[in-house]
Student: 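Just passing along the structure, written as structure tokens.
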Amino acid sequence: MCKPGRWAVPESLLLGTGNRDKAAEVAEWLKGLPWVVKSLADFPTAPEPVEDGDTFEANALKKALYYAERFNVLCVADDSGLVVDALDGAPGVYSARYAGEACSYADNNAKLLRALEGTAESQRTARFMCCAAIAPPGQEPHVELGTIEGRIGLSCRGANGFGYDPLFIPEGSDRTFAEMSRAEKQAISHRGRAFLKVRAYLQTLR
């Protein structure tokens with residue numbers, strides 16, 4: 001991490017993700033900041049960086065630095081995923097493509113349930129983790145983390161959210177993320193916890 005430097009702050013803030021669901025969530029947490037929040041759809045088409053890091057932080061930094069340099073813009077990018085104890089941390093950094101490169105959310109959830117077949121409820125502990133990287137063009141990046149503990153349900157429940165939300169039951173609740181309203185989930189989620197810190201940090205840059 002680094003302290004804010006003295007630099008010319010761009011007017012735009014790019015969310016370095018091609019995932020529309022994620023971009024919509026993040027934009028909510030960054031509302032009201034003195035930047036025009038944009039997505040990759042607002043910039044020229046560019047090859048996506050290969051997320052080949054072995055940690056969430058490595059992948060978040062790679063994306064944020066890549067887009068900040070390519071478009072000369074303040075970029076915020078994150079890498080998030082599900083860490084399941086009974087699976088030695090899987091799916092981890094492969095969460096988005098757990099069932100294959102072109103897989104759907106349903107494919108990933110189905111594979112996770114198969115992997116946990118026969119695992120007792122008490123052994124289905126897991127956590128969602130989010131690492132968010134802030135990259136001002138030409139400057140050192142800054143990283144924030146967010147985590148929420150929970151467990152994996154025995155079946156998919158709920159129609160809200162995305163990704164593993166129908167399977168993840170946060171600690172202290174008997175409902176999955178997908179059974180919660182958007183506001184309820186955002187108030188406690190790993191991404192919410194990380195991006196509230198990002199918001200606070202960004203406010204120091206103006």
Side-chain angles (χ1 to χ4, degrees), residues 1 17-26 28-29 50-63 77-133 143-198:
M1 295 185 185
T17 177
N19 184 316
R20 293 182 180 181
D21 294 319
K22 182 190 293 188
E25 276 197 347
V26 172
E28 288 290 323
W29 289 303
V50 178
E51 296 181 48
D52 55 3
D54 57 4
T55 65
F56 295 122
E57 181 172 348
N59 285 329
L61 283 168
K62 185 170 187 178
K63 288 186 285 187
D78 83 295
D79 195 40
S80 306
L82 182 66
V83 175
V84 181
D85 295 320
L87 302 179
D88 296 323
V93 295
Y94 302 104
S95 292
R97 53 192 187 278
Y98 186 44
E101 289 298 330
C103 64
S104 66
Y105 296 147
D107 294 333
N108 283 334
N109 286 324
K111 181 175 179 177
L112 182 59
L113 285 174
R114 289 194 300 270
L116 288 174
E117 281 181 3
T119 304
E121 287 191 62
S122 62
Q123 301 300 311
R124 297 168 78 94
T125 53
R127 64 205 52 81
F128 266 129
M129 301 181 68
C130 173
C131 178
V143 171
E144 296 289 1
L145 303 172
T147 302
I148 182 166
E149 298 289 334
R151 68 186 190 280
I152 304 302
L154 299 175
S155 63
C156 291
R157 300 190 337 238
N160 300 322
F162 59 95
Y164 297 96
D165 286 355
L167 286 177
F168 186 77
I169 304 168
E171 199 171 68
S173 177
D174 59 0
R175 293 181 297 159
T176 68
F177 268 169
E179 292 177 300
M180 296 180 178
S181 69
R182 184 171 179 172
E184 287 176 311
K185 175 192 168 183
Q186 287 184 327
I188 61 172
S189 77
H190 55 304
R191 192 169 289 115
R193 291 174 177 180
F195 275 92
L196 287 178
K197 296 176 187 176
V198 167

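Just the heavy atoms: all of them, side chains too, but no hydrogens, waters or symmetry mates, feed the values below. If you read the sequence from its start, that first residue is 1, and numbering goes on from there.
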Student: Look only at the side chain of Ser173 and the backbone of Pro170, and say whether a donor-acceptor pair between them is shorter than 3.5 Å.
Tutor: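 It does not hold such a pair.
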Student: Whether the side chain of Lys63 engages the backbone of Thr17 through a donor-acceptor N/O pair (distance < 3.5 Å, no angle test) should be reported.
Tutor: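 Side chain of Lys63 to backbone of Thr17: no pair is present.
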Student: Which pair of non-hydrogen atoms, one from Asp79 and one from Ala60, has the smallest distance, and what is that distance?
Tutor: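 For Asp79 and Ala60, the tightest heavy-atom pair comes out as N-CB, 3.7 Å.
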Student: Check the pair Ile169 / Ile152 against side chain to side chain contact (heavy atoms under 4.5 Å, CB included), numbers first and verdict last.
Tutor: CA-CA 6 Å; Ile169 304 168; Ile152 304 302; over 6 Å; no
Student: Applying side-chain hydrogen bond (donor to acceptor under 3.5 Å, both in side chains) as the test, list every pair that has at least one member in residues 148-165; sequence neighbours left out.
Tutor: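 Found Arg127-Glu149, Arg157-Glu179, Asp165-Lys185.
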Student: Determine whether the side chains of Asn109 and Tyr98 contain a donor N or O and an acceptor N or O closer than 3.5 Å.
Tutor: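 Asn109 vs Tyr98: no donor-acceptor pair found between side chains.
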Student: Can you name the closest pair of heavy atoms from Gly146 and Ala194 and give their distance?
Tutor: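 Distance-wise, the nearest heavy atoms are N-CB, 3.7 Å.
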Student: What's the verdict on side chain to side chain contact (heavy atoms under 4.5 Å, CB included) for Asp54 and Val93, showing C-alpha distance, side-chain angles and the deciding distance?
Tutor: CA-CA 7 Å; Asp54 57 4; Val93 295; 5.7 Å; no
Student: Give a yes or no on this: more than 12 heavy atoms of other residues, nucleotides or ligands lie within 6.0 Å of atom CZ of Arg20.
Tutor: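 Check fails, neighbour count at 12 or below.
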Student: Does atom CD of Glu28 have more than 12 heavy-atom neighbours, drawn from other residues, nucleotides or ligands, at distances under 6.0 Å?
Tutor: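 Counting other residues, nucleotides and ligands, CD of Glu28 exceeds 12 neighbours.
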Student: On the 0 to 90° scale, with breaks at 30° and 60°, tag the Phe177-Phe128 ring pair as parallel, tilted or perpendicular.
Tutor: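 Rings of Phe177 and Phe128: parallel, under 30°.
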Student: So which atom in Ala132 and which in Phe195 form the shortest heavy-atom distance, rounded to 0.1 Å?
Tutor: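 Distance-wise, the nearest heavy atoms are CB-CZ, 3.9 Å.
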Student: Considering non-hydrogen atoms only, spot the tightest contact between Ala58 and Gly53 and give its length.
Tutor: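 Shortest heavy-atom separation between Ala58 and Gly53 comes out as CB-CA, 4.0 Å.
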Student: Which is it for Lys62 and Glu51 under the salt bridge (charged side-chain N to carboxylate O under 4.0 Å, His left out) test, yes or no, and what are the steps along the way?
Tutor: CA-CA 7 Å; Lys62 185 170 187 178; Glu51 296 181 48; over 6 Å; no
Student: Decide yes or no on side chain to side chain contact (heavy atoms under 4.5 Å, CB included) for Leu167 and Thr176, but give the supporting numbers first.
Tutor: CA-CA 6 Å; Leu167 286 177; Thr176 68; over 6 Å; no
Student: Going by side chain to side chain donor-acceptor pair (under 3.5 Å), name the residues that satisfy it together with Glu184, two or more places apart in sequence or in a different chain.
Tutor: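 With neighbours one apart ignored, the set is Arg175, Ser181.
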Student: Between Asn108 and Ala96, is there a donor-acceptor pair closer than 3.5 Å when you use the side chain of the first and the backbone of the second?
Tutor: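 Here the side-chain-to-backbone pair exists.
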Student: Scan side-chain atoms only and decide if Ser80 and Asp78 contain a donor-acceptor pair under the 3.5 Å cut-off.
Tutor: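 Yes, because at least one side-chain N or O of Ser80 sits under 3.5 Å from a partner of the opposite role on Asp78.
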Student: When Cys131 is tested against each of Val143, Thr55, Thr147 for side chain to side chain contact (heavy atoms under 4.5 Å, CB included), which residue passes?
Tutor: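 Result: among Val143, Thr55, Thr147, Val143 is the only option passing the side chain to side chain contact (heavy atoms under 4.5 Å, CB included) with Cys131.
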Student: How long is the gap from CD on Glu25 to SG on Cys130, to the nearest 0.5 Å?
Tutor: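 Here the interatomic distance stands at 9.5 Å.
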Student: Starting at CG of Leu154, measure out to CG of Leu116 and round the result to the nearest 0.5 Å.
Tutor: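 The distance works out to 9.5 Å.
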Student: Just wondering, more than 12 heavy atoms not from Asp88 lying within 6.0 Å of its CG?
Tutor: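 No, the 6.0 Å shell around CG holds no more than 12 heavy atoms from other groups.
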Student: With side chain to side chain contact (heavy atoms under 4.5 Å, CB included) as the test, would you mind laying out the steps for Val83 and Phe56 before giving the verdict?
Tutor: CA-CA 11 Å; Val83 175; Phe56 295 122; 4.0 Å; yes
Student: Please check if any side-chain donor atom of Thr119 sits under 3.5 Å from a side-chain acceptor atom of Arg124, or the reverse.
Tutor: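 No, no side-chain donor-acceptor contact under 3.5 Å.
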Student: Side chains of Arg193 and Glu144: does their closest heavy-atom pair fall under 4.5 Å?
Tutor: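 With C-beta onward as the side chain, the pair stays apart.
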